[in-house]
Amino acid sequence: MATPDTPAPGAVQRVQSWRATEVVLPTTGILSRMVCQLPTPAALRLPIGVSRPTATTVPLLEARPAVERFLFSGQAAAAPPSRPPVRPRIAAPSLPAEASADAADPALRRRTRIAPPRDVVKRSERFFFLLQPDLETILETSRLEFPRQPFPFQFDGMAFLVPRHAAVLADEMGLGKSMQAISSLRLLIRSGEARRVLVVCPKGLVSNWARELADWAPELVVAVIEGDQRRRQWQWSLPEVPVKLANYEVVVRDRDLVAELGLEFDLVVLDEAQRIKNRDSQTSQSVRALRRGRSWALTGTPVENSADDIVGLFEFVAPGHLNDRMSPRELGAAAADHVLRRTKDKVLKDMPPRLNRDERIELTAEQRETYRRAEEEGVLRLAGLGQQATIQHVFELVLRLKQICNFDTATGESAKLDRLEAELEEIHASGKKSLVFSQWVATLGRLRERLSRFGAIEYHGGMSTIARDDCLRRFKNDSQHGVLLLSYGAGAVGLNLQFSQYVFLFDRWWNPAVEDQAINRAHRIGAAGAVTVTRYLSVDTIEERIDEVLRSKRDLSDTILSQAEPPAASGLTAEEIFALFRLSPPRRAAA
Amino acid sequence: MVGAMANSTQQQVDQAYGFLTTVDSPSHGLFGGYLIVDLEGRPLEFHCTAPVRVSRAQQILYGATLHGHLHGRQIGGTLLAEGGVVPRLVLTDQEPLLQARPHTQLPLALVTASQGAEQAGPTAHAGFSLGSLTVVPHATDRADETVLREHLEGLIQAVDLNEPFERIRAAIEEAQRH
């Protein structure tokens with residue numbers, strides 16, 4: 001085979017030169033020689049061996065996985081490791097299970113999990129909650145017994161409160177907020193997480209709370225802070241008492257004393273916490289001044305009149321978490337992490353129904369005439385005041401007219417009372433009990449006189465605590481007392497009157513939430529049967545006009561709690577109050 | 001023997017119980033979790049592994065031995081070596097985890113829902129019933145079955161034996177989210 005370096009024999013004689021890329025041939029004639037370019041020959045490679053295969057290593061499962069370790073020894077159920085004080089956010093509570101509790105067999109009973117609050121971010125702290133036994137097991141192994149088996153939603157309420165430092169339990173009235181709070185604080189005390197607890201409630205509910213604490217936490221020693229200053233100072237200073245119970249007025253009065261004593265509470269529970277919605281009030285400032293680790297607020301009406309209410313409430317629960325600049329939707333989103341609210345229709349499917357009746361009452365002829373004159377004179381006076389008219393002037397007229405709707409000031413006639421008396425005849429004959437609410441103590445007195453044959457007795461803020469307790473005891477236990485006459489102020493909150501099956505709102509309160517509270521004295525857990533609620537409205541009077549405004553307010557609370565847009569009307573504005581008489585407010589009143 | 005395996009570095013706690021399980025996450029792999037509780041079901045320790053991923057090649061190479069190796073040695077053996085508190089016994093709700101027994105000195109038993117005798121295989125050890133559950137000790141521990149049963153009878157007064165596994169799963173699910 002010829003190669004560039006070694007031409008084949010014979011070819012050499014004709015080829016002048018031979019290189020790798022050209023061949024030079026001898027010629028004759030003009031050209032002495034001819035050079036022909038040759039294409040570069042393609043390389044021809046012949047395999048001389050087999051290349052090594054790529055080695056694929058399949059690792060065996062020898063390396064042990066990394067392990068994270070979490071130790072919980074010696075820690076209480078309610079105390080996550082290294083938990084910083086206050087300001088947690090709240091995780092949604094565990095959903096109620098379908099099955100009911102069955103204490104006999106752990107495998108069959110309902111399990112309520114204590115979910116970690118949302119702002120607990122450290123994995124070890126979240127694991128701490130997730131790895132706890134269910135609440136039912138914790139309660140059972142802690143030997144904490146209940147006088148009555150709590151409802152599943154009440155276990156959920158406890159699972160909500162126990163891990164939280166900032167919580168608003170906003171259940172509808174009658175669902176047992178106090179029982180849930182007591183059971184939760186009981187767990188904290190049992191676990192050692194709380195040693196000093198302060199419960200603050202309205203004055204009229206102190207004895208009620210004392211009873212509830214004795215009922216649901218009989219092992220806890222409770223000191224009621226009351227009496228003169230010297231006695232209160234001694235009571236505040238009691239070191240070995242885990243639970244102290246005080247009313248709001250005492251907390252305001254003893255604000256400096258509590259500070260001087262250097263008292264610090266592991267938990268402060270506010271009942272009827274809507275009382276602190278006004279941030280500038282002494283009540284709000286005094287409870288916010290309490291040094292505390294946990295802040296729980298109990299209220300069935302976290303939003304009574306306006307969105308500001310819940311901002312005020314949160315100044316105690318989680319200062320700075322909400323602010324006035326937030327839209328209702330933003331407020332709802334931020335508050336949702338801290339608020340647990342259930343309504344009876346959602347959690348008590350089998351609770352007796354509440355039957356509402358709006359009875360429109362025609363005033364008697366004499367009442368109508370008295371009413372007409374009073375309204376005309378009042379409106380003329382307001383018009384005459386012009387820019388000098390104030391909301392106070394309008395309120396005075398409203399109150400005057402409402403009183404006439406109750407009783408004719410000239411003759412004492414009352415179309416409402418005539419109707420009420422007739423209805424009570426039948427109710428009393430059936431052995432059922434009734435609650436009658438009015439705005440005025442004086443009205444209660446007149447009702448009592450007329451309704452004495454039904455054993456009507458009064459309950460209002462003008463009575464001593466002892467007298468009120470005695471009144472409740474007689475109404476509950478003595479079948480002769482078929483009617484309890486209550487003022488909205490004293491009787492709308494905290495009382496358990498579920499043995500009553502009829503509620504009458506003799507006149508209307510300004511706020512639908514207060515009316516709901518009143519109604520829920522009877523329509524609550526333990527109600528024996530359907531509760532009939534009768535609201536009297538005098539036809540073609542100020543009562544009807546107020547009712548229209550109240551209807552537009554009724555949805556505000558739900559709006560914020562459901563993070564929806566608010567309705568146009570969120571409360572009785574100055575314009576609305578003046579509009580009750582078709583008047584325009586003066587400019588400063590409108591502002 | 002039951003309860004006699006504490007080494008010098010481990011803490012003796014009266015009446016502690018271990019619960020061992022795995023959670024298979026399609027996106028992460030196989031997690032192992034080991035919870036030690038006291039007689040009232042309260043957590044004393046929790047250990048969890050990083051997820052272990054098994055390749056297709058490993059599945060083929062290990063064949064039928066994969067589960068035993070993965071659950072028993074890789075995860076179960078690793079976790080059981082971690083405990084500071086020595087439990088009286090360890091329960092699992094997954095049969096492959098029983099293969100951790102050769103890698104630990106702790107007695108190990110499987111908890112299952114009770115099944116009728118007709119469902120058990122002719123050679124299978126039936127274990128013993130506790131309420132609605134059946135406990136099947138590892139073959140190594142069958143001689144101690146009576147003692148194990150006594151230990152568990154105390155625990156089930158407060159704790160449903162299936163319930164702690166739910167807690168482990170919840171914690172591992174939480175670990176995947178954060």
Side-chain angles (χ1 to χ4, degrees), chain A residues 56-81 91 94 97 102-116 118 120-143 191, chain B residues 11 13 16 29-32 34-52 54-55 57-58 60-62 66 69-70 73-75 77-79 81-85 131-133 156-164 166-168 170-175 177-178:
Chain A
T56 300
T57 302
V58 179
L60 298 179
L61 293 165
E62 289 301 328
R64 301 209 161 187
V67 176
E68 280 191 278
R69 186 180 195 191
F70 304 91
L71 306 180
F72 306 109
S73 302
Q75 287 179 331
S94 56
D102 183 343
D105 186 349
L108 296 178
R109 71 182 169 210
R110 182 180 189 271
R111 291 178 191 149
T112 307
R113 294 289 178 194
I114 300 176
R118 196 173 292 170
V120 173
V121 292
K122 283 180 68 177
R123 180 179 290 188
S124 61
E125 294 178 4
R126 297 190 70 81
F127 278 5
F128 173 81
F129 289 109
L130 291 166
L131 293 168
Q132 291 298 325
D134 52 88
L135 182 59
E136 288 81 356
T137 297
I138 292 173
L139 289 166
E140 187 176 311
T141 56
S142 301
R143 280 84 183 165
S191 68
Chain B
Q11 181 188 356
V13 169
L30 191 68
F31 291 87
Y34 177 42
L35 175 66
I36 304 175
V37 303
D38 64 13
L39 186 61
E40 296 179 337
R42 295 172 196 267
L44 299 171
E45 292 185 13
F46 178 63
H47 307 269
C48 63
T49 68
V52 178
V54 180
S55 67
Q58 288 169 330
I60 295 168
L61 283 171
Y62 278 87
L66 177 65
H69 184 79
L70 190 61
R73 182 172 180 180
Q74 286 290 108
I75 290 178
T78 300
L79 285 172
E82 287 288 327
V85 172
S132 58
L133 299 174
I156 63 168
Q157 298 303 312
V159 179
D160 165 23
L161 297 184
N162 264 331
E163 184 271 336
E166 294 175 15
R167 293 189 235 167
I168 298 173
I172 290 176
E173 284 169 14
E174 176 82 13
R177 283 197 294 269
H178 290 80

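The figures that follow rest on heavy atoms only: side chains count, while hydrogens, waters and symmetry mates do not. Convention: sequence-line order gives letters A, B, ...; per-chain numbering from 1.
A distance of 8.5 Å separates CG in B:D160 from OG1 in A:T137, rounded to the nearest 0.5 Å. From B:R167, atom CZ reaches atom CG of A:D134 across 7.5 Å, with rounding to the nearest 0.5 Å. Between the CG atom in B:L35 and the CG atom in A:L131 there is a gap of 5.5 Å [rounded to 0.5 Å]. The distance from the CZ atom of A:R69 to the CZ atom of B:F46 is 13.5 Å, given to the nearest 0.5 Å. For the atom pair CD (B:E174) and CZ (A:R126), the distance works out to 4.0 Å, reported to the nearest 0.5 Å.
Heavy-atom distances place no part of B:I36 under 4.5 Å from chain A, backbone and side chain included.
The shortest heavy-atom contact between B:A170 and A:L130 is O-CD1, 4.1 Å.
Residues B:L44 and A:L71 are not in side-chain contact: their nearest non-hydrogen atoms beyond the backbone lie 4.5 Å or more apart. Using a 4.5 Å heavy-atom threshold, the side chains of B:R42 and A:T141 count as touching. Looking only at side-chain heavy atoms (C-beta outward), B:V159 and A:P133 stay at 4.5 Å or farther from each other.
A:R111 and B:E166 are joined by a salt bridge, as a carboxylate oxygen and a charged side-chain nitrogen come within less than 4.0 angstrom of each other.
Comparing B:C48, B:P164, B:P51, B:G41 by how many heavy-atom pairs each has under 4.5 Å with chain A, the most go to B:C48.
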